[in-house]
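Written out below as structure tokens is the structure these notes cover.
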2 protein chains.
Amino acid sequence: MSDLLERLRGRGWRMTAQRRVVAEVLDGEHVHLTADEVHTRAVAKLPEISRATVYNTLGELVSLGEVLEVATDKRAKRYDPNAHRPHHHLVCAQCGAIRDVHPDGNPLADLPDSERFGFTVSDVEVTYRGICPTCAVAA
Amino acid sequence: MSDLLERLRGRGWRMTAQRRVVAEVLDGEHVHLTADEVHTRAVAKLPEISRATVYNTLGELVSLGEVLEVATDKRAKRYDPNAHRPHHHLVCAQCGAIRDVHPDGNPLADLPDSERFGFTVSDVEVTYRGICPTCAVAA
DNA sequence: GTCGCACATTAGACACCATCCAAATCAGGG
DNA sequence: CCCTGATTTGGATGGTGTCTAATGTGCGAC
């Protein structure tokens, strides 16, 4: 993740303690936090960080293409730092757990011209839903 | 759509003017209204209908499986009455226009066991993103 | 090293979407 | 036609995200 900080500095980002903390929180695989969760964890490392800064920073990371917004949850947006390895999501319908997955094939190719209605299609987002092992046992 | 009303009555739904109006509003192909838009259109037909009733009715239609909630828009939930013909969505990244599409192939089959993490996968949701013809011309 | 200023951060108000609630109303079986 | 439990209502409430004006600060210039 220090890669990320390097890359951002290279793009003229001013390096602040707040931004460093947000970047640290968004580290790892299968990380899909809401803005509020990011804020909570950031506060643990830097008590005076404000909600607005977390939102600002997340928004910047998204427009720089370093973090993805995912809408698997219908309540709040979630942020996925794994932006450089294209992937989709597998969500537990019960507990909301999210895993990154890498399906075979390219769903873009499955959309025939006749179904494109003249759109220039550039991207596709796939969400698989099911029940995770933990919830299956509990049921 | 009167089919819908019949089916609901058969399931023991008490038929009220409000529910009839909501069902009428949610009629047609490529209809993807937000709850608020449904409310606005419902008020045009039945001025005294309240927001809470629209939300209640939409929620009931969703749990009965007659209407789908779609999260293509990151602001508000949208409601799709085309629940009985499985389909996916094509969204204009610029203006937000939504079309129903029917891709070839079955994306569920593209998820190998090794990528399922023990989940029982039952459903998949696909959102294509691009630029619609109207916005392409305007650009 | 230090200065300056454009860029960042902050707290809190605000807007939007959705849900909850207690009281009033109504559909439809008997 | 009446009764009862389902339904509707309006307003309060809560969660998520954005905005603003005032304050603070990273970092290039010197």
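The sequence lines fix the lettering, A, B, ..., with proteins before strands; numbering per chain opens at 1. Heavy-atom basis, side chains included; hydrogens, waters and symmetry copies ignored.
- Considering only heavy atoms from C-beta on, V101(A) comes within 4.5 Å of F117(B) through its side chain.
- The C1' atoms of five pairs define one axis at each end of the helix from dG1(C)-dC30(D) to dG30(C)-dC1(D), and these two axes lie 30° apart (to 10°).
- Residue pairs meeting the side chain to side chain donor-acceptor pair (under 3.5 Å) criterion with at least one partner in residues 122-132 of chain B, sequence neighbours excluded, are E125(A)-R129(B), R129(A)-E125(B).
- For the segment residues 70-79 of chain A, the set of residues with a heavy atom within less than 4.0 Å of an atom of DNA chain D comprises A76(A), K77(A), in numerical order.
- Summarising the hydrophobic clusters (Ile, Leu, Val, Met, Phe, Trp, Tyr; side-chain heavy atoms under 4.5 Å, direct or chained), the residues clustered with V70(A) are none.
- Here the side chain of H87(A) pairs a donor or acceptor atom with the backbone of R85(A) at under 3.5 angstrom.
- A distance-only check finds no donor-acceptor pair linking the side chain of Q18(A) to the backbone of I49(A) [under 3.5 Å].
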Identify all pairs in which a protein N or O lies below 3.5 Å from an N or O of nucleotides 26-29 of chain C, and state each distance.
| unit_1 | atom_1 | unit_2 | atom_2 | d |
| --- | --- | --- | --- | --- |
| dA27(C) | O3' | M15(B) | O | 3.3 |
| dG28(C) | OP1 | M15(B) | N | 3.0 |

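- Judged by distance alone, the side chain of E37(B) and the main-chain N or O of T34(B) form a donor-acceptor pair under 3.5 Å.
- Pairs passing the salt bridge (Lys or Arg N to Asp or Glu O under 4.0 Å) check and including a residue from residues 43-58 of chain A, sequence neighbours excluded, read E24(A)-K45(A).
- Using a 4.5 Å heavy-atom threshold, the side chains of L4(B) and D27(B) count as separate.
- T57(B) contributes atom OG1, which lies 5.5 Å from atom CH2 of W13(B) (distance to the nearest 0.5 angstrom).
- Clustering of Ile, Leu, Val, Met, Phe, Trp and Tyr side chains at separations under 4.5 Å places V91(B) together with I98(B).
- Distance R20(A) CZ to dT9(C) P: 11 Å, rounded to the nearest Å.
- Rounded to whole Å, atom P of dA8(C) lies 6 Å from atom CD of E60(A).
- Within residues 41-55 of chain A, the residues that place at least one heavy atom under 4.0 Å from DNA chain C are, in residue-number order, E48(A), I49(A), S50(A), R51(A), A52(A), T53(A).
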Worksheet entry | Stepwise ring pair (Phe, Tyr, Trp, His ring centres under 6.0 Å) test for H32(A) and H89(A) | CA-CA 10 Å; H32(A) 307 89; H89(A) 294 107; 4.9 Å; yes
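- Cluster note: Y55(B) groups with no other residue, as no ILVMFWY side-chain heavy atom lies under 4.5 Å from it.
- For the pair Q18(B) and dT25(C), the criterion of a side-chain N or O lying under 4.0 Å from OP1 or OP2 is not met.
- Within the structure, every pair that satisfies the side chain to side chain donor-acceptor pair (under 3.5 Å) test and touches residues 58-71 of chain A, not counting sequence neighbours, is listed here: R7(A)-E66(A), R11(A)-E66(A), R19(A)-E60(A), E66(A)-H84(A).
- In the 5' to 3' direction, nucleotides of DNA chain D lying under 4.0 Å from heavy atoms of chain B begin and end at dG5(D) to dG10(D).
- A salt bridge (Lys or Arg N to Asp or Glu O under 4.0 Å) check over residues 88-110 of chain A, counting only residues at least two apart or in different chains, returns nothing.
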